[in-house]
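Below is one structure, written out as structure tokens; comments come after it.
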Amino acid sequence: MTVQMRLSGDPEEIEVMVKVLAVVFQLDGTGRLYTNRGAEGVRCYLTASIPNSNPTDPSGPDQHR
């Protein structure tokens with residue numbers, strides 16, 4: 001399972017959030033921060049995947065015991 005995310009906020013808070021998300025998800029992206037247009041802060045784009053997930057097995061990794 002893979003989703004695309006857009007994080008927006010203070011650069012330091014985004015840095016912390018990316019570290020927290022990386023504990024659970026495999027993150028892909030450049031990590032580049034873009035200035036928000038018309039608003040304060042910055043944004044970045046990431047792709048998050050569940051590690052060791054098999055896309056052909058809808059039951060997920062915890063269903064096999």
Side-chain angles (χ1 to χ4, degrees):
M1 176 185 310
T2 301
V3 296
Q4 295 180 350
M5 298 188 299
R6 176 184 185 256
L7 304 177
S8 180
D10 183 66
E12 292 82 17
E13 291 175 348
I14 289 178
E15 184 178 339
V16 171
M17 186 59 68
V18 168
K19 288 178 183 178
V20 171
L21 290 169
V23 171
V24 178
F25 301 105
Q26 176 182 342
L27 299 177
D28 294 315
T30 64
R32 183 173 174 192
L33 297 176
Y34 300 91
T35 303
N36 283 332
R37 293 178 222 128
E40 293 185 23
V42 296
R43 65 187 186 281
C44 74
Y45 301 91
L46 299 171
T47 300
S49 303
I50 298 172
N52 302 320
S53 66
N54 183 350
T56 60
D57 184 2
S59 63
D62 292 336
Q63 299 297 320
H64 303 286
R65 298 183 193 255

Could you give the side-chain donor-acceptor pairs of residues 19-34 under 3.5 Å, partners two or more places apart or in another chain?
from : atom 1 : to  : atom 2 : distance (Å)
T30  : OG1    : R32 : N      : 3.1

Mind listing the side-chain donor-acceptor pairs of residues 1-10 below 3.5 Å, one per line with the distance, residues two or more places apart or on another chain?
from : atom 1 : to  : atom 2 : distance (Å)
T2   : OG1    : S49 : OG     : 3.1
S8   : OG     : N36 : ND2    : 3.0
D10  : OD2    : E12 : N      : 3.4

- Determine whether M17 and L46 fall in the same hydrophobic cluster, where Ile, Leu, Val, Met, Phe, Trp and Tyr are linked whenever their side-chain heavy atoms lie under 4.5 Å apart. yes

